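As the structure lists them, so they are numbered: ligands from 1, and atoms in each ligand from 1. The chain is numbered in sequence order, starting from 1. As a basis for the values below, the full set of heavy atoms in this structure was taken, side chains included, without hydrogen atoms, waters or symmetry mates. Because the structure is predicted, anything quoted here is derived from the model rather than measured.
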Amino acid sequence: MGRRILFLGPPGGGKGTQAKMVRRALGVPHVSTGDMLREAMASGSDLGRRAEAYVSVGDLVPDELVVALVEERLAREDAAGGYLLDGFPRNLPQAEALAEVLGDEALDTIVYLDVDEDEIIARLLKRAQIEGRADDNEETIRHRLEVFHGETEPLIAYYGDRVRRIDGTGSVEDIYCRIALELAS
Ligand code: B4P
């Protein structure tokens, strides 16, 4: 079994950006619930229609929908040799569901990207201009931050000493080097 890594961090912390770079280096699939939900919304599937109401206002999509999505994805053959989870688990019930399905060894390392709120808001407002994502407006960004503090941050204590806290500010390349060093140690 290869590496089983979780990228954890605030919205706009750079999880997606860094996970794509690490995936290339490790050769394991990048499983992003945000990307999967956006694909489902773009396809107009039943899941996509149900998810849209939550994603567009910055709320978490109900656990049972997301857990089923991830469970199905991790059961595929390409995930047998490890994976890189991005954005899941995002709260304690999701972490407990993952542990129930795959056991405590479901994750070997949690990379936590630490970025302050002013920087997050600036990054996401910039992305709004470039990509036009429906959930990248100031009101929704602030709500996503509240959800992060209330629901996702407790996972840092839950995962304890498996968490590697990385300074998520600076250039994308510098942050990648910090992560690569941490994963090699
Ligand atoms: P996500 O897709 O996970 O969105 P996010 O938290 O905003 O993170 P994202 O990966 O897009 O951004 P990143 O940190 O890479 O989730 C979207 C929504 O889906 C959630 O709000 C929720 O509704 C739903 N959802 C997802 N997972 C769920 C779950 N498990 N349970 C329930 N609901 C779920 O930041 C990237 C931005 O920063 C980019 O614009 C990038 O260019 C920029 N950036 C990155 N690194 C930078 C750097 N070093 N300097 C400057 N800019 C940088």
- Message: Suppose we measure from atom 8 (O) of ligand 1 to each protein heavy atom; which comes out shortest, and what is that distance?
- Response: Lys15 NZ, 3.1 Å
- side chain to side chain donor-acceptor pair (under 3.5 Å) with Arg76: which residues, sequence neighbours excluded? Glu72
- Message: Under a 4.0 angstrom heavy-atom cut-off, which atoms of ligand 1 come close to Val66?
- Response: 29 (C), 30 (N), 31 (N), 32 (C)
- Could Arg142 and Glu138 be called an ion pair, given the rule that one side-chain N must be under 4.0 Å from one carboxylate O? yes
- Item | NZ/NE/NH1/NH2 to OD/OE distance under 4.0 Å, Asp86 and Lys15 | no
- How close does the nearest protein non-hydrogen atom get to atom 13 (P) of ligand 1, and which residue and atom is it? Gly14 N, 3.4 Å
- Query: Any salt bridge between Arg178 and Glu182, counting N to O under 4.0 Å?
  - Reply: no
- Query: Heavy atoms, side chains only, cut-off 4.5 Å: are Leu113 and Ile166 in contact?
  - Reply: yes
- Task: Identify whether the distance between the nearest side-chain nitrogen and carboxylate oxygen of Arg144 and Asp136 falls below 4.0 Å.
- Result: yes
- Any nitrogen or oxygen of Arg133, main chain or side chain, under 3.5 Å from a nitrogen or oxygen of ligand 1? yes
- Note on the structure: Within 4.0 Å of some non-hydrogen atom of Pro11, the atoms of ligand 1 are 5 (P), 6 (O), 7 (O)
- Task: Could you see which bit of Lys126 sits under 4.0 Å from ligand 1, with heavy atoms only: side chain, backbone, both or neither?
- Result: neither
- Message: Within ligand 1, which atoms have a heavy atom of Thr17 less than 4.0 Å away?
- Response: 15 (O), 36 (C), 41 (C), 45 (C)
- In terms of residue, atom name and distance, what is the protein heavy atom nearest to atom 7 (O) of ligand 1? Arg144 NH2, 2.5 Å
- Message: Below a 4.0 angstrom heavy-atom separation, can you tell me which part of Asp59, side chain or backbone, both or neither, approaches ligand 1?
- Response: backbone
- Item | Atoms of ligand 1, numbered as shown, that sit under 4.0 Å from any heavy atom of Gln94 | 29 (C), 30 (N), 31 (N), 32 (C)
- Heavy-atom distances under 4.0 Å are what count here, so tell me which part of Arg38 touches ligand 1: side chain, backbone, both or neither. side chain
- Query: Do any nitrogen or oxygen atoms of Gly87 lie less than 3.5 angstrom from nitrogen or oxygen atoms of ligand 1?
  - Reply: yes
- Just wondering, are more than 12 heavy atoms of other shown residues or ligands nearer than 6.0 Å to CD in Glu100? no
- Message: Does atom CD (Glu64) have a neighbourhood of more than 12 heavy atoms from anything else shown, all under 6.0 Å?
- Response: yes
- Message: Tell me if the OH atom of Tyr54 is crowded by more than 12 foreign heavy atoms within 6.0 Å.
- Response: no
- With heavy atoms and a 4.0 Å threshold, my read on which part of Val172 contacts ligand 1 is both
- Message: Side chain or backbone, does Gly170 bring an N or O within less than 3.5 Å of an N or O on ligand 1?
- Response: yes
- Message: I want to confirm something. Looking only at heavy atoms, which of Arg123, Arg127, His143 is nearest to atom 9 (P) of ligand 1?
- Response: Arg127
- Message: Would you say CZ of Arg50 has more than 12 non-hydrogen atoms from neighbouring residues, nucleotides or ligands within 6.0 angstrom?
- Response: no
- Item | side chain to side chain donor-acceptor pair (under 3.5 Å) partners of Ser45, counting only residues at least two apart | none
- atom 15 (O) of ligand 1 - nearest protein heavy atom and its distance: Gly16 N, 2.8 Å
- Item | Side chain, backbone, both or neither: the part of Glu151 lying under 4.0 Å from ligand 1 by heavy atom | neither
- Message: Does ligand 1 come near enough to Arg90 that some N or O of the ligand is less than 3.5 Å from an N or O of the residue?
- Response: yes
- Query: Which atoms of ligand 1 have any heavy atom of Gly12 under 4.0 Å away?
  - Reply: 7 (O), 12 (O), 13 (P), 14 (O), 35 (O), 38 (O)
- Looking only at non-hydrogen atoms, which of Thr33, Val61, Leu37 approaches atom 25 (N) of ligand 1 most closely? Leu37
- State, without any angle test, whether Arg3 and Thr109 hold a side-chain donor-acceptor pair at a distance under 3.5 Å. yes
- Task: Report the part of Glu131 in contact with ligand 1, treating N, CA, C, O as backbone and CB onward as side chain, heavy atoms under 4.0 Å; options are side chain, backbone, both, neither.
- Result: neither
- Task: Under 4.0 Å from a heavy atom of Ile175: give me the atoms of ligand 1 that qualify, with their elements.
- Result: 49 (N)
- Message: Testing Leu47, Asp46, Leu37 one by one against Leu65 for a side-chain contact (heavy atoms from CB on, under 4.5 Å), which residue passes?
- Response: Leu47
